[in-house]
Amino acid sequence: MRPDVKRAVIQDLPQLIAMRAHLFTDLSDEEQEEEVMHFLQDPNYRFWLAWQGEAVVGFVEASVRPYANGCDSRPVPFLEGIWVKPEQRDQHVGQALVMAVEAWARDLGFHELGSDVEICNLRSQAAHQAWGFEERETVVYYRRLLPSAAE
């Protein structure tokens with residue numbers, strides 16, 4: 001059974017925080033709440049929740065970015081994060097969430113959607129391909145800490 005996907009609103013804050021905690025594990029509940037509150041007020045940002053009856057089984061968030069690696073247009077809508085409860089995976093919940101983002105992007109006049117996946121997350125890479133995304137580039141980011149001027 002396909003989930004019922006609805007755009008998230010301020011009343012969905014507890015569910016959004018609970019869902020995001022699985023994906024953005026480096027943020028505290030307070031930081032999650034602060035980010036969600038900020039993004040809920042941003043006209044270029046959207047959240048959707050997937051419901052099975054009374055239970056939230058997944059979420060997706062998307063924004064309009066000035067640009068995104070691998071995309072041809074600027075600005076471009078971007079899938080910022082998606083998470084589905086493990087027991088609901090492979091049941092088209094992710095596809096339904098992505099379709100909600102696509103509809104939003106099309107309504108805004110866009111013709112492409114960007115996303116990214118960590119290189120080690122093979123499950124998400126496979127999901128993106130199943131959802132119709134094409135891999136455009138692979139990048140490894142580096143950094144070098146600079147010694148202080150006193151050293």
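Values in this document were obtained by computation on a predicted structure and should not be read as measured data.
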Are [X] and [Y] close enough that some pair of their side-chain heavy atoms sits under 4.5 Å apart?
{"X": "D116", "Y": "N69", "value": "no"}
{"X": "R46", "Y": "V101", "value": "no"}
{"X": "F133", "Y": "L79", "value": "yes"}
{"X": "E80", "Y": "R65", "value": "yes"}

Least distance between heavy atoms, [X] atom then [Y] atom:
{"X": "L49", "Y": "L97", "value": "C-CD2, 4.2 Å"}
{"X": "E118", "Y": "Q125", "value": "O-NE2, 3.6 Å"}
{"X": "V57", "Y": "M19", "value": "C-SD, 4.3 Å"}

Working to the nearest 0.5 Å, report the span between OG of S124 and CD of Q129.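 Separation between the atoms: 10.0 Å.
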Using a 3.5 Å cut-off and no angle test, enumerate the donor-acceptor pairs between side-chain atoms of residues 107-114 and protein atoms at least two apart in sequence or in another chain.
{"from": "E112", "atom 1": "OE1", "to": "D72", "atom 2": "N", "distance (Å)": "3.3"}
{"from": "E112", "atom 1": "OE2", "to": "D72", "atom 2": "N", "distance (Å)": "2.8"}
{"from": "E112", "atom 1": "OE2", "to": "S73", "atom 2": "N", "distance (Å)": "2.5"}
{"from": "E112", "atom 1": "OE2", "to": "S73", "atom 2": "OG", "distance (Å)": "2.6"}

Name all residues meeting the ring-ring contact (aromatic ring centres under 6.0 Å, His included) criterion together with Y45; count only those two or more places apart in sequence or in a different chain, and write none if there are none.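 ring-ring contact (aromatic ring centres under 6.0 Å, His included) list for Y45, sorted by chain: F39, F47.
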Pairs meeting criterion side chain to side chain donor-acceptor pair (under 3.5 Å) with involvement of residues 86-95, two or more places apart: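 Qualifying pairs, neighbours excluded: D90-R123.
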Is V36 reachable from L23 through a run of hydrophobic residues whose side-chain heavy atoms are each under 4.5 Å from the next?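 Result: yes, single cluster for both.
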Is there a donor-acceptor pair under 3.5 Å between the side chain of H38 and the backbone N or O of E34?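 Side chain of H38 to backbone of E34: no pair is present.
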